[in-house]
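Please read the structure below before turning to the comments.
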Amino acid sequence: MFGERQGAPLAQAPTPPRAFASALEVQGMGHIPAWLRPTSADIQVANGLLDAVGMLKEGQSEQAAMRLQQLRGENALGNEVCALQSWALLQAGQTESAATVARDGVVEFGATPALAFAMAQVFEQENNPREAFPLYRDLSTLATKDLLVLTACARTAVACGQGADALFYLDRLMLIEPLSVDQKRLRAHALELAGRPEDALSLYEQMSAERPDDFALLADMASASFATAQGSGEPSHYENAVQLLERLTAAAPQHGEAFFMLATARQELGLDAAAAVAYDRCLEVEPSNVEAGLAYATLLAAGGSAQASADVLLSLLRQPISGKDVERVQSRLMTLRLPEENQ
């Protein structure tokens, strides 16, 4: 429907006259993405567009969408107004209606930059980054310094698991202005996806020094530290991971995955008793965590506690786990040598 996927490139976005560009700022359209701003010609035809713009600024998205629909019915307006109506519906939480308006607009106007942006926003809201990313990518070729689009390219690339692509767009952003905290976090995720956990951890540490009370940042940093340790196998890296994971689990005692990582890191350092405590807490929070249960059972069996190992495995079998996981647990259970009276 848009861009390279159908072999039809996006039409070049019209550049508003310099005088009108200044008028846009006076009229207060800074809250509307540049791709969606009505043209001077449309405003001259339907001055009521400024009412809709004002409604959007006040957070009255649904009313703005209705007003835009009315104006489109009364006047022959451009594709930007159609795209703006779709975006207003999206802000109002009406994703399906937003998608319908944008798709109908494509039928009427073709694959324009404004409608491409509107559809990319819809795809993101639908949790479909693989459809959104190529649209943002096409738009970035039309406006090479558009911060909103470059950030969207990076964001959707990360959501697609494409770390190298995300870094490409974040590098372009860095040439324009310093990255914000959210963009730095995005870059750290991209570095992890690109197989550079140590660089990601370094960036997380820098951000953590600036925002020591940011829990989400601590969680990301602890995860990156654990990934770095697993990649290197260095005891010092595991020690660092343990410190961060202990902080994280103290702040979030219901974070089962964090306890699993903590248990694994402790076990790698030979701290089996401490690892057992973390495994036990992980399974208390997430009783169907098969990977944690199997690892805990293996630790217990290696320490000579076959019955305790069996108890962990039997507890897993009472959980709603997949058929494949049932087979894995049963296979492990059959390898245990239990005391004769319990066999």
Strictly by modelled atom types, are Gln70 and Glu74 linked by a side-chain donor-acceptor pair under 3.5 Å?
-> yes
Do the side chains of Pro129 and Glu124 get nearer than 4.5 Å, heavy atoms only?
-> no
Any chance you could measure Gln162, atom CD, to Tyr169, atom OH, to the nearest 0.5 Å?
-> 9.5 Å
For atom CD of Glu210, decide whether the heavy atoms of other residues, nucleotides or ligands shown that lie under 6.0 angstrom number more than 12.
-> yes
Non-hydrogen side-chain atoms of Leu139 and Asp146 separated by less than 4.5 Å = no
Any donor and acceptor pair, going by atom type alone, linking the side chain of Thr151 with main-chain N or O of Leu148 inside 3.5 Å?
-> no
State, to 0.1 Å, how close Ser61 and Gln91 come at their nearest heavy-atom pair, and which atoms those are.
-> OG-CB, 3.3 Å
Would you call Arg332 and Thr298 a side-chain contact if the rule is heavy atoms closer than 4.5 Å?
-> yes
Would you say Phe133 and Phe123 are hydrophobically clustered, going by side-chain heavy atoms of ILVMFWY under 4.5 Å?
-> no
Student check: side-chain heavy atoms of Glu80 and Leu36 closer than 4.5 Å = no
Rounded to the nearest 0.5 angstrom, the CG-NZ distance for Leu173 and Lys145 is 12.0 Å
Check the side chains of Ser202 and Asp199 for a donor-acceptor pair under 3.5 angstrom, ignoring hydrogens and angles.
-> no
Aromatic rings Phe226 and Tyr238: how do their planes relate, parallel, tilted or perpendicular, breaks at 30° and 60°?
-> perpendicular
Report yes if some heavy atom in the side chain of Glu257 is under 4.5 Å from a heavy atom in the side chain of Asn289; otherwise report no.
-> yes
Taking all atoms of both residues into account, what is the closest heavy-atom pair of Arg172 and Ser140, and its distance?
-> NH2-O, 3.4 Å
Donor-acceptor contact below 3.5 Å, side chain Thr141 vs main chain Asp138 = yes
Audit row: Glu108, Arg103, salt bridge (charged side-chain N to carboxylate O under 4.0 Å, His left out) steps and yes/no = CA-CA 9 Å; Glu108 181 178 357; Arg103 290 191 173 101; over 6 Å; no
Please answer: with hydrophobic residues joined when any side-chain heavy atoms are less than 4.5 Å apart, are Leu179 and Leu203 in the same cluster?
-> no
How long is the gap from OH on Tyr204 to OG on Ser223, to the nearest 0.5 Å?
-> 7.0 Å
Report the C-alpha separation of Thr95 and Glu126 in whole Å, then their side-chain angles, then the decisive distance to 0.1 Å, and conclude whether the side-chain hydrogen bond (donor to acceptor under 3.5 Å, both in side chains) test is met.
-> CA-CA 8 Å; Thr95 306; Glu126 292 176 339; over 6 Å; no
Treating Ile, Leu, Val, Met, Phe, Trp and Tyr as nodes and any side-chain heavy-atom pair under 4.5 angstrom as an edge, say whether Phe117 and Leu84 lie in one connected cluster.
-> yes
Residue pairs, two or more places apart or on separate chains, that pass salt bridge (Lys or Arg N to Asp or Glu O under 4.0 Å) and touch residues 278-305 = Arg281-Glu284, Glu291-Arg328
Begin from the C-alpha positions of Ser322 and Asp325 and carry the test side-chain hydrogen bond (donor to acceptor under 3.5 Å, both in side chains) through to its verdict.
-> CA-CA 5 Å; Ser322 69; Asp325 283 333; 3.2 Å; yes
Any side-chain heavy atom of Gln319 sitting closer than 4.5 Å to one from Val290?
-> no
If you measure from CG on Leu217 to CZ on Arg185, what distance do you get to the nearest 0.5 Å?
-> 5.0 Å
So do the side chains of Asn240 and Leu201 get within less than 4.5 Å of each other, counting heavy atoms only?
-> yes
Thr249 side chain to Phe259 main-chain N or O, any donor-acceptor pair under 3.5 Å?
-> no
Main-chain N/O of Gln94 paired to Ser97 side chain as donor or acceptor, under 3.5 Å | no
Expected output: side-chain His31 to main-chain Val53 donor-acceptor under 3.5 Å | yes
Kindly give the heavy-atom pair with the smallest separation between Leu77 and Phe109, and that separation in Å.
-> O-CZ, 3.5 Å
Are Arg67 and Glu62 close enough for a salt bridge, meaning some N to O gap below 4.0 Å?
-> no
Has the side chain of Arg37 got a donor or acceptor atom that lies under 3.5 Å from a matching backbone atom of Met29?
-> yes
Hey, is the main chain of Phe260 close enough, under 3.5 Å, to the side chain of Thr264 for a donor-acceptor pair?
-> yes
Dump the intermediate steps for side chain to side chain contact (heavy atoms under 4.5 Å, CB included) on Leu333 and Leu317, then the final yes or no.
-> CA-CA 10 Å; Leu333 190 58; Leu317 292 174; 4.3 Å; yes
Tyr136 side chain to Gln121 side chain, donor-acceptor N/O pair below 3.5 angstrom | yes
Pair Arg130-Thr156, side-chain donor/acceptor within less than 3.5 Å = no
Closest approach of Leu170 and Ala190, non-hydrogen atoms and distance?
-> CD1-CB, 4.4 Å
ILVMFWY cluster, Met207 and Met174 together (side-chain gap under 4.5 Å) = no
Do Val106 and Leu89 belong together in a cluster built from hydrophobic side chains that touch within less than 4.5 Å?
-> no
Where do Leu49 and Leu68 land on the side chain to side chain contact (heavy atoms under 4.5 Å, CB included) test, with the steps shown first?
-> CA-CA 7 Å; Leu49 286 171; Leu68 290 166; 3.6 Å; yes
Side chains of His237 and Ser232: is there a donor and an acceptor less than 3.5 Å apart?
-> yes
Rounded distance (nearest 0.5 Å) linking atom SG of Cys160 with atom CG of Asp165 = 9.0 Å
Nearest non-hydrogen partners of Tyr279 and Ala292, listed with the distance | CD2-O, 3.9 Å
Intermediate values then yes/no, side chain to side chain contact (heavy atoms under 4.5 Å, CB included), Ile176 and Leu147 | CA-CA 8 Å; Ile176 301 170; Leu147 302 181; 3.7 Å; yes
With a 4.0 Å cut-off, would you call Arg187 and Asp182 a salt bridge?
-> no
Do side-chain atoms of Thr228 reach the backbone of Ala224 as a donor and acceptor pair under 3.5 angstrom?
-> yes
At their closest point, which heavy atom of Ala99 faces which heavy atom of Met119, and how far apart are they?
-> O-SD, 4.2 Å
Residue pair Ser208 / Leu218, side-chain heavy-atom distance below 4.5 Å | no
Euclidean distance, Thr335 OG1 relative to Leu313 CG, rounded to 0.5 Å = 8.0 Å
Does the pair Leu299 and Gln267 meet the rule for a side chain to side chain contact (heavy atoms under 4.5 Å, CB included), with working shown?
-> CA-CA 8 Å; Leu299 176 66; Gln267 191 173 349; 3.8 Å; yes
Residue from Thr112, Thr39, Asp42 passing side-chain hydrogen bond (donor to acceptor under 3.5 Å, both in side chains) with Asn79 | Thr112
Any donor-acceptor pair under 3.5 Å linking the side chain of Arg266 with the backbone of Val242?
-> no
Hey, does the side chain of Ser315 reach the backbone of Asp311 with a donor-acceptor pair shorter than 3.5 angstrom?
-> no
